[in-house]
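Notes follow once the structure below has been shown.
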Amino acid sequence: WNNFDIQFQKQIFVFFTWRKSFLNNKEFLADYSKSISIFLEKLCNIVPSEIKITFAWHHEALRRADILPSLPKRIVILKPNEIYSAIQKSSLLVSDFSSVFWDFIYQKKPVVFNRFDFYKNDLDEIDKKIFSEVMNLDSVFSNCFYDDKKALDKILYYIKNDFKCDINYDFDELFWDENLVNVLNF
């Protein structure tokens with residue numbers, strides 16, 4: 001696809017990735033999804049009403065829809081088949097480390113990484129290893145936050161600056177970064 005046919009919108013797309021720890025720990029998924037709901041509530045409270053906020057649950061989370069919390073009414077909840085369109089049309093992505101971020105940085109759109117659960121003790125060993133590798137990339141990708149307040153402040157910064165990306169990524173450098181290769185190998 002190309003950007004010439006796309007109508008960009010003042011829209012924020014929120015998408016968090018899956019944790020292998022959820023497979024064996026239903027309470028962890030419930031806690032994680034509740035944290036997402038709380039973050040989305042905070043986001044709704046600071047984002048001007050003319051800016052649309054879209055969100056999609058990871059497809060694996062949808063398999064456990066019975067324990068997912070309700071979300072703020074303002075949030076437009078996307079179906080899995082609507083994610084591609086949101087990637088194209090949205091002005092900003094909020095994620096933890098979902099691969100969706102590649103589409104945004106390629107389009108020179110800002111990304112805010114909110115990694116609110118990276119210091120949880122109930123992660124399994126695979127997730128702990130992945131998180132360790134992802135944290136090694138913080139200096140490469142910037143805008144990496146480990147609490148809601150700092151992430152929300154950065155989102156407001158981008159709103160006030162009309163969603164202009166202030167980071168110029170060097171793709172040749174990114175694709176050969178040893179830490180990135182380690183993350184992609186999981």
Side-chain angles (χ1 to χ4, degrees), residues 1-19 32-33 35-62 65 68-117 134 137-138 140-171 174-175 180 183-184:
W1 51 272
N2 64 55
N3 289 341
F4 299 113
D5 302 327
I6 300 167
Q7 292 289 331
F8 292 108
Q9 300 174 2
K10 287 194 174 189
Q11 174 174 300
I12 298 171
F13 178 44
V14 182
F15 187 76
F16 293 99
T17 197
W18 182 249
R19 310 279 189 270
Y32 173 79
S33 57
S35 295
I36 290 173
S37 179
I38 291 168
F39 171 74
L40 290 172
E41 185 69 47
K42 293 175 187 176
L43 187 63
C44 289
N45 289 335
I46 66 160
V47 172
S49 60
E50 66 271 9
I51 297 173
K52 186 176 180 181
I53 303 172
T54 60
F55 172 79
W57 289 109
H58 190 279
H59 69 276
E60 292 288 341
L62 292 174
L68 298 177
S70 62
L71 300 177
K73 289 184 175 150
R74 179 173 173 200
I75 302 296
V76 177
I77 302 171
L78 304 175
K79 297 174 187 155
N81 65 339
E82 297 172 316
I83 292 173
Y84 181 72
S85 177
I87 292 169
Q88 291 179 309
K89 294 178 181 177
S90 297
S91 305
L92 170 82
L93 172 69
V94 179
S95 185
D96 46 5
F97 63 99
S98 172
S99 61
V100 168
F101 84 87
W102 286 111
D103 295 284
F104 278 79
I105 64 172
Y106 181 76
Q107 295 178 79
K108 297 182 178 14
K109 296 179 189 179
V111 177
V112 174
F113 295 97
N114 185 10
R115 300 177 175 156
F116 58 85
D117 70 327
V134 167
L137 294 169
D138 285 1
V140 176
F141 290 112
S142 305
N143 291 340
C144 302
F145 305 102
Y146 294 86
D147 67 74
D148 289 350
K149 168 97 174 77
K150 291 179 182 175
L152 292 166
D153 287 345
K154 192 63 176 188
I155 292 166
L156 279 176
Y157 165 84
Y158 282 120
I159 291 170
K160 290 177 184 171
N161 289 285
D162 202 31
F163 297 102
K164 291 195 182 4
C165 188
D166 58 353
I167 300 169
N168 195 6
Y169 293 105
D170 180 342
F171 285 96
L174 284 177
F175 285 109
L180 178 62
V183 170
L184 295 176

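- Ser90 has its side chain within reach of Phe104: a pair of non-hydrogen atoms, C-beta onward, lies under 4.5 Å apart.
- Val111 pairs in a side-chain contact (heavy atoms from CB on, under 4.5 Å) with only one of the listed residues (Ile167, Ile105, Val100), which is Ile105.
- With rounding to the nearest 0.5 Å, the separation of CG in Asp147 from CZ in Arg115 is 13.0 Å.
- Pro80 approaches Leu62 most closely through the heavy-atom pair CG-CD1, 3.7 Å.
- Leu152 and Phe39 get closest at one heavy-atom pair: CD2-CE1, 3.6 Å.
- Side-chain polar atoms of Asn143 and Tyr158 form a donor-acceptor pair below 3.5 angstrom.
- Residues forming a salt bridge (charged side-chain N to carboxylate O under 4.0 Å, His left out) with Lys154 (at least two apart in sequence, or on another chain): Asp166.
- Here CZ of Phe16 is found 9.5 Å from CH2 of Trp57. Values are rounded to the nearest 0.5 Å.
- From Leu71, atom CG reaches atom CD1 of Ile36 across 8.5 Å, with rounding to the nearest 0.5 Å.
- Atoms CD1 and CZ, from Ile87 and Phe13 in turn, are 5.5 Å apart once rounded to the nearest 0.5 Å.
- One finds the OG atom of Ser91 at 10.5 Å from the NZ atom of Lys164 (value rounded to the nearest 0.5 Å).
- For the pairing with Asn114, the side-chain contact (heavy atoms from CB on, under 4.5 Å) check across Leu43, Asp148, Ile155 returns one residue only, Asp148.
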Derivation and outcome, ring-ring contact (aromatic ring centres under 6.0 Å, His included), residues Phe116 and Phe145 = CA-CA 8 Å; Phe116 58 85; Phe145 305 102; over 10 Å; no
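- When all heavy atoms of Val47 and Arg74 are compared, the closest pair comes out as O-NH1, 2.8 Å.
- Looking only at distances, a side-chain donor or acceptor of Ser37 sits under 3.5 Å from a matching main-chain atom of Ser70.
- Going from atom SG of Cys44 over to atom CD1 of Ile51 covers 12.0 Å, rounded to the nearest 0.5 Å.
- Here the shortest heavy-atom pairing between Ala61 and Trp18 reads N-CZ3, 3.3 Å.
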Checking side-chain contact (heavy atoms from CB on, under 4.5 Å) for the pair Lys109/Leu93: CA distance, chi angles, key distance, verdict?
-> CA-CA 8 Å; Lys109 296 179 189 179; Leu93 172 69; over 6 Å; no
